[in-house]
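Have a look at the structure below before the remarks.
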There are 2 protein chains.
Amino acid sequence: MAERSRRRQGGRRTVSIRDVAEAAGVSVATVSRALSADSASFHIRPETRQHVLETSAALGYRPNDLARALLQQRTSVIGVVVPDISNPFYPDVVRGIEDVASAAGYRMILCNTDREPDRLNKYLETLVSSRVDGVLIAGGAADTPIDVDIFARYHTKVVVVGRHDVECPSVQLDNVAAGAAITAHLAGLGHRRIALIAGPEGSRTMRDRFEGYRTALREHGLPFDEALVGRGELDEAAGYRVAGELTTMDNPPTGIVTVNDRMAVGALAALHDQGIAVPHQVSVTGFDDVSFASYVRPKLTTVAVPTYRVGTTAAELLISSLRGEVERTTSEPVVLPTEVIIRDSCAPPPA
Amino acid sequence: MAERSRRRQGGRRTVSIRDVAEAAGVSVATVSRALSADSASFHIRPETRQHVLETSAALGYRPNDLARALLQQRTSVIGVVVPDISNPFYPDVVRGIEDVASAAGYRMILCNTDREPDRLNKYLETLVSSRVDGVLIAGGAADTPIDVDIFARYHTKVVVVGRHDVECPSVQLDNVAAGAAITAHLAGLGHRRIALIAGPEGSRTMRDRFEGYRTALREHGLPFDEALVGRGELDEAAGYRVAGELTTMDNPPTGIVTVNDRMAVGALAALHDQGIAVPHQVSVTGFDDVSFASYVRPKLTTVAVPTYRVGTTAAELLISSLRGEVERTTSEPVVLPTEVIIRDSCAPPPA
DNA sequence: TTGTAGGCGTTATCAT
DNA sequence: ATGATAACGCCTACAA
């Protein structure tokens, strides 16, 4: 029993439950009980408990969650995977996740994949090795097959945001319907040449919005014209560039549907710089209804998507899954509503 | 030795190194060696190694980082604390942190404090219990005394972003100088009544920008007028509201300095709605140079702050600290440069 | 009410 | 080159 002091030599060791026990003159079991959350209802003498608490505080003791997790087979950590936290869509989602996760006592490991399958897979492996209790895949994984078996083997619950083939609970936005609705708004105003500024093909969300655009065109008897769709990254610069190209073509569009608000703001800037009046000469729509959408001039007509609620809902789904409240079988996707917000950037086409 | 199958009863156990060892017909030590990163240089027969690798893969084995961390006294996890990831300043910072952290093999736990001391302290405790190797406090803690001793006791390295009294490496922006520079720009243009749309008092960053404003006023022989400063949250709505109040006062300002770009965009909108021309009648400046700053019209004159670099620099600081490459004593703060970006939202005051 | 001890899954040390 | 085994820090039957 003399080997206990083995490691005391180098840098001072971190204080462990045994140190508290020794200092308090009790056993480690007693310390554990005194510190345990429900120690009130436990068999422990109040004075003992008090004494242990004080000793623990005096020593600056912090329980080691690793040891606890190793024993209990649960870490109270969830992994959250997003394509890119810099994309203004995600901070709100992540914030929603964190709010409900932390309220439920979970910590959150954040991972950015940049939509690269390699990064995604590497992160998922890492998360399994971390023995996170659950993983929230919030986009960027639509085209990457995910090995659910490995999660099942390690009892890791999975929830995804967005449409995906993986068999697990999900929260989705009906981006097809939303894309159709905003396009239909322009068509309803009388526009017949409606352009689309689309995003990268790698994003399922953006593909769906694109598909909605085509659907609405069809439903309104409008032809799909390849020349009227431009692509780019999801930022202002791309919107600016593509809008500039659109306006200089023969027979330019009178309406421009955009796949997110940043691109829309870029488009607005391009139109402004060319002296084209919005909405009188050209109408523009955004997508997402980010905070500045109602502060640019003209105010942006766009579609509101409940980003924060996407996060909270997904986290709630995951947490009830962790509590075993969700069916093993894939439950129906939770589809959150979107809404076309009509502001000032659209009008009937010029006569 | 028959008690090995104890837990096999309930849900199937996760596969451990012992399962791999048994399946491969070797000892756990051999498996560990085969899987260890530098096993190439290790004493292990290539065929054995190969065999173990295959068995491991076949079983879907993933090493348990908890156990490893418990033993090695390091988790390869860092904690990142921000006031609010929804604030557009932080996603880029966090992205920078994650990029260098993940490249160095670290995972990241993200915490939002909303600048509430209670939340901050609770998170810091949690992080210590998680035994993260280091903590990056990226703002929101300026007025909360931080107990560095507890970090020291648990060998947790700390790096902060922003000015703070805590004794540890830090990366800072000279917000005072930046605030002075942008204000001086207006003063240099001939403005004599320069208003400030300030942020919450709880933010050190915002206080510093405010102080810079006062400094520039003084240096230019301009009086500080309490009536010319309005406060609000750091969003468009606040900028809109305060700008509206400013324009309706007697003897309104000819220049408006704003403490972040979102507020500036709000101010621009308010001015637009009142038919006040920017920059001809009133000049407006922003702060941060977020992506849309050059896409609103008029383009926003603002000060660029290297958000992404703030993140990478802080993470690099923390990681070299973890590697023991940084002095124990507080090193000099790393101050990153800011730059006034002159665009179209400022002009000399009307005659 | 309190103490003893086994084991969670690793890695590292010491044998062999 | 490989194997047995002792920690890492904690919780929880079980014993006292």
Side-chain angles (χ1 to χ4, degrees), chain A residues 1-8 13-22 24-39 41-52 56 59 61-76 128-131 154-155, chain B residues 1 3-8 13-22 24-52 56 59 61-76 128-131 154-155:
Chain A
M1 316 202 171
E3 71 263 77
R4 185 153 300 172
S5 56
R6 184 169 314 181
R7 275 186 182 249
R8 305 261 163 125
R13 235 187 56 261
T14 64
V15 11
S16 82
I17 197 173
R18 208 147 67 193
D19 301 313
V20 179
E22 283 176 16
V26 298
S27 74
V28 292
T30 301
V31 177
S32 176
R33 283 192 275 257
L35 265 43
S36 118
D38 47 35
S39 64
S41 63
F42 233 103
H43 303 301
I44 185 170
R45 223 174 56 201
E47 311 140 49
T48 312
R49 181 174 131 80
Q50 187 58 27
H51 176 56
V52 170
S56 162
L59 263 47
Y61 169 66
R62 295 285 181 281
N64 185 328
D65 282 345
L66 298 168
R68 193 205 309 261
L70 186 57
L71 191 61
Q72 300 188 154
Q73 308 273 53
R74 52 186 299 268
T75 51
S76 293
V128 173
S129 272
S130 304
R131 295 296 189 270
Y154 287 95
H155 308 133
Chain B
M1 315 205 171
E3 71 263 76
R4 184 153 301 172
S5 56
R6 183 168 317 181
R7 275 183 183 252
R8 305 261 163 126
R13 236 185 57 261
T14 65
V15 12
S16 84
I17 198 172
R18 209 148 64 193
D19 301 313
V20 179
E22 283 176 16
V26 297
S27 74
V28 293
T30 301
V31 176
S32 178
R33 281 191 278 256
L35 265 43
S36 122
D38 46 35
S39 63
S41 63
F42 233 105
H43 303 301
I44 187 171
R45 224 176 52 202
E47 313 138 49
T48 312
R49 182 173 130 81
Q50 188 58 29
H51 176 55
V52 170
S56 162
L59 263 48
Y61 169 68
R62 294 285 179 282
N64 186 328
D65 282 344
L66 297 168
R68 193 207 310 262
L70 185 58
L71 189 62
Q72 298 188 155
Q73 308 274 52
R74 52 187 299 267
T75 51
S76 294
V128 173
S129 272
S130 304
R131 295 297 189 270
Y154 287 94
H155 310 132

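Predicted model only: the values in this text are computed from it and were never measured. Reminder, nothing fancy here: chain letters follow the sequence lines and each chain counts from 1.
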Quick one: are A/Ser56 and A/Val31 in side-chain contact, heavy atoms under 4.5 Å? no
Across all chains, not counting sequence neighbours, the salt bridge (Lys or Arg N to Asp or Glu O under 4.0 Å) partners of A/Arg45 are A/Glu47
With B/Thr75 via side-chain contact (heavy atoms from CB on, under 4.5 Å) - residues at least two apart: A/Leu66, B/Ala69, B/Val77, B/Arg131, B/Asp133
Here the gap from A/Arg49 atom CZ to A/Thr30 atom OG1, rounded to the nearest 0.5 Å, amounts to 13.0 Å
Main chain of B/Ala24, side chain of B/His51: is a donor-acceptor contact present, judged purely on distance under 3.5 Å? yes
I'd like to know if the side chain of B/Ser129 and the backbone of A/Asp65 have a donor-acceptor N/O pair within less than 3.5 Å. no
To the side chain of A/Leu70, which of C/dC8, D/dG3, D/dT2 is closest? C/dC8
Separation of atom CD1 in A/Ile44 from atom C1' in C/dT2, rounded to whole Å: 9 Å
I need the CG-P distance between A/Asp65 and D/dC10, as an integer number of Å. 9 Å
Sugar-phosphate means primed atoms, P, OP1 and OP2; the rest is base. With that split, encode nucleotides 10-16 of chain C 5' to 3' as B, S or - using protein heavy atoms under 4.0 Å. BBBB---
Measure CD/B/Glu47 against P/D/dA1 and give the value in whole Å, please. 11 Å
What integer distance in Å separates A/Glu22:CD from C/dG3:C1'? 15 Å
Separation of atom NE2 in B/His155 from atom P in D/dC8, rounded to whole Å: 14 Å
Listed partners of B/Val15 passing side-chain contact (heavy atoms from CB on, under 4.5 Å), at least two apart: A/Arg153, A/Tyr154, B/Asp19, B/Val20, B/Leu59, B/Tyr61
CZ of A/Arg62 to OG of B/Ser130: how many Å apart, nearest 0.5 Å? 12.0 Å
Test side-chain hydrogen bond (donor to acceptor under 3.5 Å, both in side chains) applied to A/Gln50 - qualifying residues, sequence neighbours left out: A/Glu54
Strictly below 4.0 Å: does B/Thr30 bring a side-chain N or O up to OP1 or OP2 of D/dT2? no
Estimate the overall bend of the helix from C/dT1-D/dA16 to C/dT16-D/dA1 from the end axes over five pairs each, rounded to 10 degrees. 40°
Length of the CG-P vector between A/Leu66 and D/dC11, whole Å: 12 Å
Can you tell me if B/Thr48 touches the phosphate of D/dT2, counting only side-chain N or O atoms and a distance under 4.0 Å to OP1 or OP2? yes
Could you tell me how far apart A/Leu35 (CG) and D/dC11 (P) are, to the nearest whole angstrom? 8 Å
